[in-house]
Amino acid sequence: MKNAIEIEKLDKYFGEKKVLDSLNFTIKKGEVTCLIGPSGCGKTTLLRTLALLEEFDSGMIKYLDQTITVDSPDIYIKKVRSEIGIVFQDFNLWTHKTVIENITGPLMLIKKYSKSKSEKNARLLLEKVNLLEKENDYPDFLSGGQQQRAAIARTLALEPKIILLDEITSSLDPELVKGVLTLIRKLAQEGRTMVLVSHHMSLVNEIADNIIYLEKGKIIEKGNISTISQNPKIKRFLEAF
Amino acid sequence: MAYVWHWDVVFQYKEALLKGFLTTIELSLLTIFFGTLLGLVFAFLKKIEHPLIKYPTIGLLETLRALPILVIFIWLYYVIPVFGILISGYSAAFIGLTLSLAAFSSETIRSGIESIPKGQYESAISLGYSKIQAMVRIVLPQAYKRILPNLMGLYIHQIKNTALASVIAVGELLHTANIIISATYRPLELYTAIAVLYLIIIFPIVLLSFYIEKKLGVGVKQL
């Protein structure tokens, strides 16, 4: 299977502190990869770096056919960004736009779709995430779970080749988590390439093809759940959930 | 002995007062427009991390904010001609008022932009928007709801500050009134008349700012 992401010797510093330490790994197309590890281990920083929202200090990331290094020009970075979708912990829906406008805006601007085609696509996605009746509501008037599902719909609208999900259930009340998890399972079943940071170990167990365990910015183990849980430290970490 | 009001003086000089009234409105509108535009430019220049851009901008803005507008007017009007550049009172007032409003509005605009959570900008960037598209389509439409009520306050001050231009002989309301007073010796009538004229300009703006504040609540959850 072709690689969706290849990372080589990736380093990142915050000031003097090395937060990502010589990372090497590959993610195959259609695979679901979960990043786990204790708080502050660099999971979210790695995910944001993969989304090219953070600069890195050395190494390279290859996305499908495009290689990004420290010196890559903005035009390559923008091209890669258009092929990656990220869903944030805090949803980040645009509060001045209705749910449907949040989806049609990028479709019209980035994909250059007409308004009617954008609306048609947006409604199909809203139906998929079970939010069609909320299309004209502003995000502030939705529950956290509804906002997160709308944010996922917005990300899916641009048909990203790789989807990154950053602790997407962490800001939600427990009763709202179920709907979002159902949606993620559905996306995994569709064979999408996804990288997710999650503390939901039952979800990780269920959908991950690959798990990367990080500690202090370093990869300690990678592989499937049975492989990595042979490491006593990781076994203790997993048992804590 | 009770003061005897002679309101006929006001009507006698109504054309001169109307001209002053229109000059005040013109100077206000022009300096509000260009001052806000320049304020927006300064707000973005301050965000640029390059030391040769950021620090001179901060230095200029802090100087403009520290100096009384009257001092700026007089400096422009009397000092600039020393360097061989002739400048009219109107131009000095226009430049002074524009720069002063730009300095204050840049801070209002900057704080409005920074009050928008970073995630709003980042989500646009992650979807493939350029930095300018993210700012113009996502951040500014949200920030203006927070900026506009404060800007309206600055605009009201700006209209009142145009009266200071009378010191450098700009034919706005106060200067016009002073000239008429020197000919008629009726200060109370004329100062009362121009006070009413200032209220005629400012009251609609106060009402507009109330309306805007109410209108801008759309899409924002009331807590």
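What you see is a predicted model; the values in this text were computed from it and never measured. Here is the naming used below: chain letters follow the sequence lines, and residue numbers restart at 1 for every chain.
Within residues 146-173 of chain B, no residue has a heavy atom under 4.5 Å from a heavy atom of chain A. Listed by sequence position, B:Gly119, B:Gln120, B:Glu122, B:Ser123, B:Ala124, B:Ile125, B:Ser126, B:Leu127, B:Gly128, B:Tyr129, B:Ser130, B:Gln133, B:Arg137, B:Ile138, B:Pro141, B:Gln142 are the residues of residues 113-143 of chain B in contact with chain A, using a 4.5 angstrom heavy-atom cutoff.
Other residues, nucleotides and ligands place no more than 12 heavy atoms under 6.0 Å from the CD atom of A:Glu8. A 6.0 Å sphere centred on CD of A:Glu55 holds no more than 12 heavy atoms belonging to other residues, nucleotides or ligands. Environment of CZ in B:Phe203: sparse, with no more than 12 heavy atoms of neighbouring residues, nucleotides or ligands closer than 6.0 Å. At most 12 heavy atoms of other shown residues, nucleotides or ligands fall within 6.0 angstrom of atom OH in A:Tyr76. Other residues, nucleotides and ligands contribute only 12 or fewer heavy atoms inside 6.0 Å of the NZ atom of B:Lys19. Shown here is A:Lys128, whose NZ atom has more than 12 heavy atoms of other residues, nucleotides or ligands within 6.0 Å. The environment of CD in B:Glu15 is sparse: at most 12 heavy-atom neighbours from other residues, nucleotides or ligands sit within 6.0 Å. Within 6.0 Å of the CG atom in B:Leu207, the count of heavy atoms belonging to other residues, nucleotides or ligands exceeds 12.
Interface remark: A:Arg48 contributes side-chain atoms only to the contact with chain B (heavy atom separation under 4.5 Å). Of the two parts of A:Lys97, only the side chain, counted from C-beta on, holds a non-hydrogen atom closer than 4.5 Å to a non-hydrogen atom of chain B. Within the 4.5 angstrom heavy-atom criterion, no atom of A:Ile77 approaches chain B. Only the side chain of A:Ile110 comes within contact range of chain B, with at least one heavy atom under 4.5 Å from a heavy atom of that chain.
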Table please: side-chain donor-acceptor pairs of residues 26-36 of chain A below 3.5 Å, with sequence neighbours left out.
residue	atom	partner	partner atom	Å
A:Lys28	NZ	A:Asn3	OD1	3.4
A:Glu31	OE1	A:Lys28	N	3.2
A:Glu31	OE1	A:Asn210	ND2	3.2

Scan the side chains in residues 52-66 of chain B for donor-acceptor partners under 3.5 Å anywhere in the protein, sequence neighbours excluded, and list what turns up.
residue	atom	partner	partner atom	Å
B:Thr57	OG1	B:Ile53	O	2.6
B:Thr63	OG1	B:Gly59	O	2.7

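Per-residue heavy-atom pair counts under 4.5 Å with chain B were compared for A:Leu52, A:Ile86, A:Leu109, and the maximum is reached by A:Leu109. With respect to chain B, the highest number of heavy-atom pairs below 4.5 Å among A:Leu164, A:Asp137, A:Leu93 belongs to A:Leu93.
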